[in-house]
Structure formats: C-alpha cells, structure tokens
Amino acid sequence: IGATSSAQANPLNPRDPDYCGNSPDILLCTQQQSTYPSPAEMAYLNAIRAKFPPGTEARRLAAGRTACLEFPKHPTGLIVEQVSVYLQIAKPTADEVVESARTNICPTAKTQG
C-alpha cells in the first residue's frame, strides 16, 4: 500500500488521470476513481464508518472528496442534502459525513456557509 499511496488523485488538477473537472455529475465521477485514500481520507472514513453497515467505502469516499470540491461553490446545507440523497442516509447523518469531510479531508476549504 505504501508504494501505491503515492499515486493519490488530485481532483483539482486537470493533469491528474482522475480529474473530474466540471463533470455534470461530480459525485459519480469521483466515485469511479480508483485511487487509494490518503491518510486524511482514511481518517474521514474511520470517523464515519460506524454510521454505515459493512460494505464498500467507494461511495462514502466519493461523497467526502466531492464535499471538499463543492464547499467553495455551494452552501453547506445543499451539500448535506446531496450527500443524503447520494448515500441514501438521513440528513443528520449526512451532516456528520460532510462535517467529517471538512474536518479530516479539507480543513482549509473555504465554505459558503
């Protein structure tokens, strides 16, 4: 894993093979990426794991990565709603997922509120 973790995707870098850009469905785009989670993303997944039944974490990781991309563009409430629908979870749980993404994955992200 150590060797592969150096190949982290940067969804903000157009040169990165996993770049989502202005994809009309950024959640789907981010979910389809095959990169390993960074240490910050692992902290995010560890923080939210107990809120979900066992299973693949690709969608949860996609939701966290996408929340970080969307913070500067959209109000947090809208991001929470989108995550709720995408992960098919209640809004309070989606709020915790979004907050965990902000805390662990992108603590310096500018938000609209």
Side-chain angles (χ1 to χ4, degrees):
I1 289 181
T4 55
S5 64
S6 63
Q8 296 300 318
N10 179 352
L12 301 176
N13 180 356
R15 291 180 169 201
D16 192 293
D18 291 332
Y19 177 64
C20 285
N22 291 323
S23 169
D25 188 346
I26 195 165
L27 278 164
L28 179 61
C29 177
T30 306
Q31 178 188 327
Q32 291 175 341
Q33 308 319 313
S34 60
T35 57
Y36 292 95
S38 69
E41 291 169 338
M42 280 305 301
Y44 155 78
L45 289 170
N46 289 336
I48 66 167
R49 187 170 288 123
K51 301 181 183 315
F52 296 92
T56 180
E57 295 187 325
R59 289 175 64 83
R60 293 171 224 160
L61 182 55
R65 287 175 173 172
T66 301
C68 288
L69 293 173
E70 296 296 310
F71 283 137
K73 302 177 199 172
H74 301 289
T76 303
L78 178 61
I79 298 168
V80 168
E81 286 181 33
Q82 291 174 333
V83 167
S84 174
V85 170
Y86 177 70
L87 294 177
Q88 299 178 344
I89 56 177
K91 284 187 184 176
T93 304
D95 187 52
E96 292 179 51
V97 168
V98 169
E99 187 56 36
S100 182
R102 181 194 335 261
T103 302
N104 293 293
I105 300 175
C106 55
T108 61
K110 302 285 187 244
T111 61
Q112 284 198 3

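Small disclaimer: the values here were computed from a predicted structure and weren't measured.
- For the atom pair CG (Leu78) and NZ (Lys73), the distance works out to 12.0 Å, reported to the nearest 0.5 Å.
- Proximity of a side-chain donor or acceptor of Arg59 to a complementary backbone N or O of Tyr86 within less than 3.5 Å is detected.
- A side-chain donor-acceptor contact under 3.5 Å links Tyr44 to the backbone of Arg60.
- Summarising the geometry of Ala63 relative to Leu87, their closest heavy-atom pair is CB-CD1, 4.0 Å, with the distance given to 0.1 Å.
- Here the closest non-hydrogen pair linking Leu61 and Leu45 is N-CD2, 4.0 Å.
- Side-chain atoms of Gln82 and Thr66, non-hydrogen and from C-beta on, never get closer than 4.5 Å to each other.
- Of the inter-residue distances, the one linking Ile79 atom CD1 with Glu99 atom CD reads 11.0 Å to the nearest 0.5 angstrom.
- Side-chain atoms of Asp95 do not come within 3.5 Å of backbone N or O of Lys91 as any donor-acceptor pair.
- Rounding to the nearest 0.5 Å gives a distance of 9.5 Å between CG of Asn104 and CD1 of Ile48.
- Across all non-hydrogen atoms, the minimal contact from Ile89 to Val83 is CG1-O, 4.2 Å.
- Across all non-hydrogen atoms, the minimal contact from Ala101 to Ala67 is CB-CB, 4.2 Å.
- Side-chain N or O atoms of Glu96 include none that pairs as donor or acceptor with a backbone N or O of Thr93 at under 3.5 Å.
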